Amino acid sequence: MRILETASYVPARVVTNDELSQLMDTSDEWITTRTGIKQRHISQGETTSDLAVNVANQLLAKAGLAAEQVALIVVATMSPDSYTPSTAAIVQGQIGATKAVAFDLSAACSGFVYALHTVERLLNPGQRALVIGSEVLSKLIDWQDRTTAVLFGDGAGGVLVEQETTGPSHVLGEHLATFGDQADQLSAGQTTPLTSFPGPVTKVAPFTMNGRAVYRFATHEVPTSIRLAAQQAGVTIGDIDAFLLHQANARIIDQVAKRLQLDRQRFPVNISEYGNTSAASEPILFAEEVQKGHLRRGDLVALSGFGGGLTVGTLILRY
Ligand SMILES: O=C(O)C1CCN(c2ccc(-c3cc(CO)ccc3Cl)cn2)CC1
């Protein structure tokens, strides 16, 4: 499988740290030093599928491809428009990809890597797919909870991929892992069953996170995941030109670079602009690095996601 095009889209409304400090007991100084976040984009009525449709249309336009030529659409999201229809099905209908099979994939901030891995296994030679990470996390945030409200933002990013008909895959190796015994360390949208019949339609609960536990999980498991994926790919981590890590926290990225004993320059960071956009963070970063000319065809790229589940995943590909 190879990457044909990349694209991203974020809502226009920017909320700065200073604006948040008017809402809750926090400060630009705390948020910036502890997370690296300066601002985030917040939807004003745009749905997760709206963001994903924008990315899908950009990808098709860049490739000069008609929607009918897409065989598969996977949307990685932890904030779907609804339980059903899937956000991917809505996208399929909106863009007119009448021949595409479409479904959502839920793996929180590892969702985009899990989706790429899944699509690589599903596509037949010559077939193309849209793989999109799209999140409207702002609808799941308790804007009075400063431990989570300052961290997250809305956005979408994606890739158009094609399964090769000849030659080896451009995906050289991967590692995926799930730690369900730590499932309760990070949750959002939790629903509760009826305790008596009949009862009210359930509401979804906001984000809760044991920040210390998730932070510790990430700094341990991400370097391990990268090493295992590189081993399977038959490359050294020194061969890898760029590490596109989930943008959860700038200090975590510093820690991962340090543990891998690699130059921090190989770990681009854009969390200051978007906050943590969960499954959308890696494709947004990917699209930006391509747009800026920092990623060139032939570069070896590692994509690593980590977060709710708890989950971690790394994919190594030749761009
Ligand atoms: O310094 C402090 O006190 C706090 C310490 C805790 N912090 C954290 C902790 C965890 C995350 C996080 C979140 C997700 C969800 O997508 C996934 C992956 C991670 Cl590693 C982000 N920030 C913020 C600063």
Side-chain angles (χ1 to χ4, degrees), residues 17 20-21 24-38 40-41 48 76-79 105-114 133-142 145-157 176-180 182-190 205-226 243-259 267 269-272 274-285 303-314:
N17 291 345
L20 287 184
S21 67
M24 64 195 82
D25 179 17
T26 188
S27 70
D28 176 46
E29 195 271 337
W30 190 94
I31 300 169
T32 305
T33 54
R34 306 295 282 260
T35 70
I37 301 167
K38 294 293 286 177
R40 69 285 293 149
H41 293 253
T48 304
T77 185
M78 60 171 278
S79 56
L105 186 145
S106 174
C109 316
S110 306
F112 184 67
V113 168
Y114 277 45
S134 186
E135 305 283 11
V136 175
L137 301 177
S138 50
K139 67 191 180 189
L140 297 172
I141 288 170
D142 170 0
D145 174 10
R146 66 180 185 170
T147 66
T148 53
V150 302
L151 303 179
F152 299 103
D154 302 339
L176 308 180
T178 303
F179 300 81
Q182 298 192 61
D184 57 0
Q185 303 288 23
L186 172 57
S187 87
Q190 195 160 24
F207 267 102
T208 63
M209 180 173 76
N210 177 342
R212 190 184 302 275
V214 180
Y215 193 104
R216 186 172 52 247
F217 165 81
T219 50
H220 282 88
E221 297 304 335
V222 174
T224 302
S225 182
I226 290 171
F243 294 80
L244 307 185
L245 268 53
H246 168 46
Q247 301 291 294
N249 182 294
R251 294 188 302 148
I252 286 175
I253 295 171
D254 294 342
Q255 280 294 314
V256 172
K258 196 170 160 194
R259 283 173 190 250
F267 295 77
V269 176
N270 67 1
I271 194 171
S272 59
Y274 302 110
N276 179 339
T277 56
S278 191
S281 86
E282 286 169 86
I284 289 172
L285 184 64
L303 293 157
S304 279
F306 48 94
L310 298 179
T311 56
V312 65
T314 299

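One-based numbering, in listed order, for ligands and for the atoms of each. Residues take their numbers from the sequence shown, with the count starting at 1. Keep in mind that this is a model prediction, so the values were computed, not measured.
Close contacts between ligand 1 and G307 involve ligand atoms 17 (C) [criterion: under 4.0 Å to a heavy atom]. Every atom of ligand 1 with a heavy atom of L186 under 4.0 Å away is listed here by number and element: 14 (C), 15 (C). Atoms of ligand 1 found under 4.0 Å from any heavy atom of N276, numbered from 1 in the order shown, are 13 (C), 14 (C), 15 (C), 16 (O). Set against the non-hydrogen atoms of F306, the atoms of ligand 1 under 4.0 Å away are 17 (C), 18 (C), 20 (Cl).
The aromatic rings of F152 and F207 sit parallel, their planes meeting at an angle under 30°, below the 60° perpendicular limit. Taking the six-membered ring for Trp and thresholds of 30 and 60 degrees, F267 and F243 have nearly parallel ring planes, at less than 30 degrees apart.
Proximity of F152 to ligand 1, defined as any heavy-atom pair under 4.0 Å, is confined to the side chain (atoms from C-beta onward). Contact annotation: for F207 versus ligand 1, there are no heavy atoms closer than 4.0 Å. Of all the heavy atoms of R251, the ones lying under 4.0 Å from any atom of ligand 1 belong exclusively to the side chain. Using a 4.0 Å cut-off between heavy atoms, A218 contacts ligand 1 through its side chain alone, with no backbone atom that close.
Scanning the protein heavy atoms around atom 8 (C) of ligand 1, the nearest turns out to be M209 CE, 4.0 Å. The shortest contact between atom 4 (C) of ligand 1 and any protein heavy atom is with W30 CH2, 4.2 Å. Ranking the protein heavy atoms by distance from atom 16 (O) of ligand 1 puts C109 SG, 2.6 Å first.
Salt-bridge formation is not detected for the pair K139/D154: no Lys NZ or Arg NE/NH1/NH2 atom is positioned less than 4.0 Å from an Asp or Glu carboxylate oxygen.
Comparing heavy-atom distances from atom 23 (C) of ligand 1 across N249, I252, V214 singles out N249 as nearest. For atom 18 (C) of ligand 1, the nearest non-hydrogen atom from the set G211, G308, A248, A250 belongs to A248.
When only interatomic distances are considered, the shortest N/O to N/O separation between R34 and ligand 1 falls below 3.5 Å.
Under the 3.5 Å distance criterion, with hydrogens and angles disregarded, no donor-acceptor pair is assigned to the side chains of N249 and R34. With hydrogens and angles left out, the side-chain atoms of S79 and E135 include a donor and acceptor closer than 3.5 Å. Looking only at atom types and distance, the side chain of S134 has no donor-acceptor partner in the side chain of T48 under 3.5 Å away.
At most 12 non-hydrogen atoms from other residues, nucleotides or ligands lie less than 6.0 angstrom from CZ of R146.
Residue Q247 comes nearest to I271 through the heavy atom pair OE1-N, 3.3 Å, listed as atom of the first residue, atom of the second, then distance.
Not one N or O on the side chain of T32 forms a donor-acceptor pair closer than 3.5 Å with the backbone of E29.
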